[in-house]
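I have placed the structure first, in the form of structure tokens, so that the comments after it can refer back to it.
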Number of protein chains: 2
Amino acid sequence: MGYRENPRPGGRSARVQAAVHQSVRDMLATMDRADITIPLIAQRANVTPSTIYRRWGDLQELLADVAASRLRPEGDPAKIGSPREDLEAWAEQYADEMASGVGRQMLRDILSAADVANAEKCSGYTQQQLAVFITRAKERGEPFPALTELMDHVISPIIYRILFDQAPGPDYVRKLIAKVMSKER
Amino acid sequence: MGYRENPRPGGRSARVQAAVHQSVRDMLATMDRADITIPLIAQRANVTPSTIYRRWGDLQELLADVAASRLRPEGDPAKIGSPREDLEAWAEQYADEMASGVGRQMLRDILSAADVANAEKCSGYTQQQLAVFITRAKERGEPFPALTELMDHVISPIIYRILFDQAPGPDYVRKLIAKVMSKER
DNA sequence: TCACTAAGGCAAATTATTTGCTTTTGTACG
DNA sequence: CGTACAAAAGCAAATAATTTGCCTTAGTGA
């Protein structure tokens, strides 16, 4: 009795998934995190609690699933100027989103689930986005930091601060990028 | 009705806390994370469940509390050679501990609690340890990276990898340190 | 169209959580 | 010392969440 990762669109399973995800998003926006329960979600989604339990296991897994799907990027990062400028703009927005109340909560949800899959997925999204900048720079024949550099020295510090400390400011992000770029000459 | 952060030693409150913490540690070592419940912990600690609920609120808070107290360093990092060598040895052990099954789980527990206090505490411990290397270097008149540098470019990448990806190898840590030190000339 | 199967609904049984009230125990003060 | 006070623990009833067995529904493919 395994549930499909990606249910066929239009089927009943997909409708249930959509309704449940939507309920969770609504509830996260309107009520306190601690008051969200599976029976409540089920009621709002017009679904039986046991359906949710069987499909997701527990609240943490469900929240992690919803969070990961919300973190999936819509498309390629905007192209406004040089790869470096593009990266700066993107990274600032990324930091803002993650540092916001909702973003922080999504990160937490993803990390607290027993299943690591969603965390990996989320990190994968980020790497995909970063890869775009690298490709653009290569096309223009410009030097650019490698993916590892960007993950280790731009993304990681931002996320660490958000998780353990407090929000990174906007010029903090720019400093990180400046440092990582300065080694590329 | 507030509970003291640090109950007076020897009192009943302290005994209960110790018994509960011990039960949690035992259970974490012997059974699957998902099977640990508050009633079980209470039983093993010879305590009523309601005591735990009133004191910690829920399982996540309790686990976060236990994890944070396990992460408190025993003393100053070992002094084996130059500050850099000391840092390398310490960071490698740090990475190993955090990347182990237990370490990972502790990180998760700390981050999934609603209360941020434990996460901050944990980050504070790390910073205290790092400050020791900086002081030692200063005493010897040697150049050494600032605390922010170390947090951003050594600790953050290690933790990010552990949380989102997979364990960082031993030479990965050394590379991070080499990079951070190379900018100090 | 029909049979098959994955997934959802229902309801009873089990477990966990909350809460009001009582009891214990450490502490401060006379 | 002993007594009063308050913080924290115990107990048990009430409530809420979770699990599970069995049945029904709705997509899928022959």
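As the structure is a prediction and not an experimental result, all values here were calculated from the model. Letters A, B, ... mirror the listed sequences (proteins, then strands); counts begin at 1.
Using a distance-only test at 3.5 Å, with no hydrogens or angles considered, a donor-acceptor pair links the side chain of A:R108 to the main chain of B:L111. When atom types are taken as modelled, the side chain of A:S182 and the backbone of A:K179 share a donor-acceptor pair closer than 3.5 angstrom.
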Self-check item: Contact letters for nucleotides 21-30 of chain D, in which S counts primed atoms plus P, OP1 and OP2 and B counts the base, heavy atoms under 4.0 Å
Solution: BB--BSSS--
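If you check residues 35-44 of chain A against DNA chain D, the residues with a heavy atom closer than 4.0 Å are A:T37, A:I38, A:P39, listed by number.
Side chains of B:Q127 and B:S123: a donor-acceptor N/O pair is present below 3.5 angstrom, by distance only.
The 12-atom threshold is exceeded at CD of A:E142, counting heavy atoms of other residues, nucleotides or ligands nearer than 6.0 Å.
With sequence neighbours left out, B:S23 forms a side chain to side chain donor-acceptor pair (under 3.5 Å) with no residue at all.
Atoms CD and CE, on B:Q93 and B:M98 in that order, are 11.0 Å from each other to the nearest 0.5 Å.
Contact annotation: the side chain of A:R55 never approaches that of A:V20 to less than 4.5 Å [non-hydrogen atoms, C-beta and beyond].
Between the CG atom of B:L59 and the C1' atom of C:dT18 there is a distance of 16 Å, given to the nearest Å.
Under a hydrophobic-cluster definition in which Ile, Leu, Val, Met, Phe, Trp and Tyr are linked whenever side-chain heavy atoms come within less than 4.5 Å, directly or via other members, A:L163 and A:Y172 are assigned to the same cluster.
Between A:T51 and C:dG8, a side-chain N or O to OP1/OP2 separation shorter than 4.0 Å is absent.
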